[in-house]
Amino acid sequence: MLNSNFMVRTSIEKAIQEALKELGAGNVSFVVERPSDMAHGDYSTNAALVAAKILKANPRDIANKLVDILRSSTALGSDSIQKIESAGAGFINFHLSNEALADVVREAVKEGWGNNNIYLGQKVLVEYTDPNPFKEFHIGHLMSNAIGESIARLFEAGGAEVARANYQGDVGVHVAKAIWAKRQKPEMSWGEAYVYGSAEYENNKEEIDQLNKVIYEKTDPEVNALYDQGRKQSLEHFEDIYKTLGTKFDYYFFESETGPLGLDLVHKHSEVFETSDGATIFRGENVGLHTRVFINSKGIPTYEAKELGLVVAKKKRGQFDLSLTVTANETRDFFRVVRAAAERIFPDLEDKMLTRFHGFLKLTTGKMSSRLGNVITGESLIKDLTEEARDREDVAVGAIKFMVLRQNTGKDIIFDPEKSLSLEGDSGPYVQYALVRTRSLLRAAKDAKTTDKEFSNLEIPRVLLHFPEAVARASLELEPHHVATYLTELASTFNSWYASERLIVDGEVSDAALFFVQAIERTLAKGLEVLGIPAPQEM
RNA sequence: GCCCUUGUAGUUCAAUGGAUAGAACAGCUCCGUCCUAAGGAGUAGAUGUAGGUUCGAUUCCUACCGAGGGCACCA
């Protein structure tokens, strides 16, 4: 159900609609938004500007007329709006009453604060992280995980039933490379073996390709045993990382499963595919895309066919209303083609398959990037940051996730390790620390004597007011950064208050003031939860 | 060559077609007896270029310039 602060907004929208009707401007599409400047009130609308265009009238006149109608409107709660005024070129601003603002604080400590019902009752499958067994868990997987986990939680905040899925490549040349290397150098970890095998691939191509065939056909018991061991160890290792990151998957899909499914599917749908040079392809040019190979000339399903097989595998696990995949930017065009093919085979899936893309994470300092030469694994980044953060893994994870989630998904991230941990900026630890302060304050207050001394602060509820909207917008757009941006603002508002006012004085604390602290604590905690960032008790 | 994504203060990021483009870091000026100063207050500073649509454009359209990615048997 919607929170009451949404009701204020909804009632404003309703009142405007009625007022517009009275003016003879029935169907205009206006917005009620948060003004960029708090001096302009708590909500504002461009209704008069839009209506003036239709009525061919002066926007300010229309705004004034609307204000008159709105002031006597019964659609607005009688005591929730303190002031309505026209301003600027024709905006109408709404200032909430102190009573309504006090309500916000009461709402914020209630169960369900920040939730909405955008996806109420829908079944959503979110696929993300997608590392490959036998290979290293790299930074890209970290990004996919951070974004996917947050989106899953945003769906949940929107009332959806979410299943988390992880799709992993447990077959292919990369496996052969790793196993080949492991036989040469058994002392290596699987991740290292893969790196070594890749480097040696060019010089031992025939041998490794032959090994790949042996793995695929399962003809050599010793190789089989190595494969099973490597797969198991990789997956267990990944499981440790998920635990650190705060993710728990419901489904695991593997290419060993989707390959045969995809192969079968492509064979069955000759109306969608055609053969060319011995390969089975999808002619993307017909729909403004490009051609891609689904089954190669050796009869092996490519990644494209496997992705189709994945659709089948997902459907087998149950019906879903939406299926989202979080993956890297460079697969954009690939997904367009695969989706075009998939929608021909499964017309019922049209508009149900969503994708979110992420960019690269680029480290600014050579300090961490030069380690062991080339690849920076996800774990080494977490490990290095944990050391920098005085052995606080939750702070390190928060720092990384926040850097990923504070900006629009899809753009590359310039990752400055020092900045990510800074308590003075726009960072995960900054928000975590504000939360810790509220919690330590609440703990200290337990030993203090509470008084019924009056307390009032209007700025805090005026910021708190917009939390559910930030979450709702993030849910709707599947853009976690709206929440991250909001949390920075709230943390800053709190810190500013905290610095200027001392709450516990001589062992006494105002009950009313504590209520504000509690509301902020709940909001920061919920916000971090939605982002999938750890919410520490102390730092 | 074609297609996709992208260009905002010195730097890293925001801004559902609306008001004076909002933060953070770095810079400059300040603030420590006290709930964890691992903080706070103030100040200066930006929409790649050229057109177009609109009452109004960072946002939509066109061209150009710059950056990243993709375009047949890898994933």
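Reminder, nothing fancy here: chain letters follow the sequence lines and each chain counts from 1.
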Residue pair A:Glu469 / A:His466, side-chain donor-acceptor N/O under 3.5 Å: yes

Whole-Å C1' distance, B:rC60 and B:rA26: 36 Å

Pair A:Asp170-A:Tyr227, side-chain contact (heavy atoms from CB on, under 4.5 Å): steps then yes or no: CA-CA 9 Å; A:Asp170 59 342; A:Tyr227 176 86; 3.6 Å; yes

Check ion pair A:Glu307-A:Arg339 (N to O, under 4.0 angstrom): no

hbond_proxy A:Asn408 side chain to B:rA15 base (donor-acceptor, 3.5 Å cutoff): no

Heavy-atom donor-acceptor pair, A:Ser422 side chain to A:Glu418 backbone, under 3.5 Å: no

Upstream residue (5' side of RNA chain B) when A:Gly288 and A:Val32 are each assigned their closest nucleotide: A:Gly288

Nearest-nucleotide pick for A:Lys53, side chain only, options being B:rG39, B:rG56, B:rC35: B:rG56

Touch class at under 4.0 angstrom, heavy-atom based, for A:Glu418 against every strand present: nothing

Partner nucleotide, any strand, of B:rC64 [Watson-Crick/G-U, under 3.5 Å]: B:rG48

Sugar-phosphate only, base, or nothing, as touched by A:Arg443 at under 4.0 Å among non-hydrogen atoms: nothing

C1' spacing across the pair B:rU6 / B:rG42, given as an integer number of angstrom: 35 Å

Out of B:rC35, B:rG7, B:rU5, whichever nucleotide has its closest atom nearest the side chain of A:Lys411: B:rG7

Value in whole Å for how far the C1' atom of B:rA41 lies from CD of A:Glu501: 15 Å

Sugar-phosphate, base or nothing in reach of A:Phe294, heavy atoms under 4.0 Å: nothing

Spacing between A:Ile54 atom CD1 and B:rC55 atom P, to the nearest angstrom: 13 Å

Distance in angstrom units between A:Ile414 CD1 and B:rU12 P, rounded: 6 Å

A:Phe494 and A:Trp497 aromatic ring geometry - parallel, tilted or perpendicular at 30°/60° bounds: perpendicular

Geometric class of the A:Phe294/A:Phe273 ring pair [parallel <30°, tilted 30-60°, perpendicular >60°]: tilted

Options B:rC4, B:rU54, B:rA19, nucleotide nearest the side-chain atoms of A:Ser44: B:rA19

Sequence-aligned protein contact record of nucleotides 20-28 of chain B, with B where the base is within under 4.0 Å of a protein heavy atom and S where only the sugar-phosphate is: ----SS---

Atom-to-atom span, CG of A:Leu361 to C1' of B:rC13 - whole angstrom: 14 Å

Within 6.0 angstrom of A:Asn203 CG, more than 12 heavy atoms from elsewhere: yes

B:rU12 versus B:rG48 - spacing of their P atoms, nearest Å: 15 Å

B:rU47 versus B:rG27 - spacing of their P atoms, nearest Å: 24 Å

Rounded C1' spacing from B:rC13 to B:rG7 in Å: 14 Å

Sugar-phosphate, base or nothing in reach of A:Asn93, heavy atoms under 4.0 Å: base

Touch class at under 4.0 angstrom, heavy-atom based, for A:Arg392 against every strand present: nothing

Sugar-phosphate, base or nothing in reach of A:Leu49, heavy atoms under 4.0 Å: base

Any-strand Watson-Crick or G-U partner of B:rU11, both distances under 3.5 Å: B:rA24

Protein-nucleotide distance (A:Glu85, atom CD; B:rA19, atom C1'), rounded to Å: 12 Å

Pairwise C1' distance for B:rA46 and B:rU8, with rounding to whole Å: 6 Å

Sugar-phosphate only, base, or nothing, as touched by A:Met539 at under 4.0 Å among non-hydrogen atoms: base

Parallel, tilted or perpendicular: rings of A:Phe134 and A:Trp190 (30°, 60°): perpendicular

Listed partners of A:Lys135 passing side-chain contact (heavy atoms from CB on, under 4.5 Å), at least two apart: A:Asn132, A:His174, A:Tyr194

5′-ward residue of the pair A:His482/A:Ser496 relative to RNA chain B: A:His482

Aromatic contact, A:Phe334 with A:Tyr303 (centres under 6.0 Å): yes

Point-to-point distance, once rounded to the nearest 0.5 Å, from CG of A:Asp412 to NZ of A:Lys362: 4.0 Å

A:Arg356 vs A:His358, side chain to side chain donor-acceptor pair (under 3.5 Å): CA-CA, chis, key distance, verdict: CA-CA 7 Å; A:Arg356 284 281 114 167; A:His358 65 257; over 6 Å; no

Euclidean distance for P, B:rU29 against B:rA63 (whole angstrom): 50 Å

Under 4.0 Å protein heavy-atom contacts per nucleotide of nucleotides 65-75 of chain B, with B for base, S for backbone only and - for none: ----BSSBB-B

Nearest to side-chain heavy atoms of A:Tyr498, which nucleotide of B:rC4, B:rC35, B:rG39: B:rC35

Distance in angstrom units between A:His481 NE2 and B:rU12 P, rounded: 18 Å

Nearest to side-chain heavy atoms of A:Arg390, which nucleotide of B:rU6, B:rG39, B:rA38: B:rA38

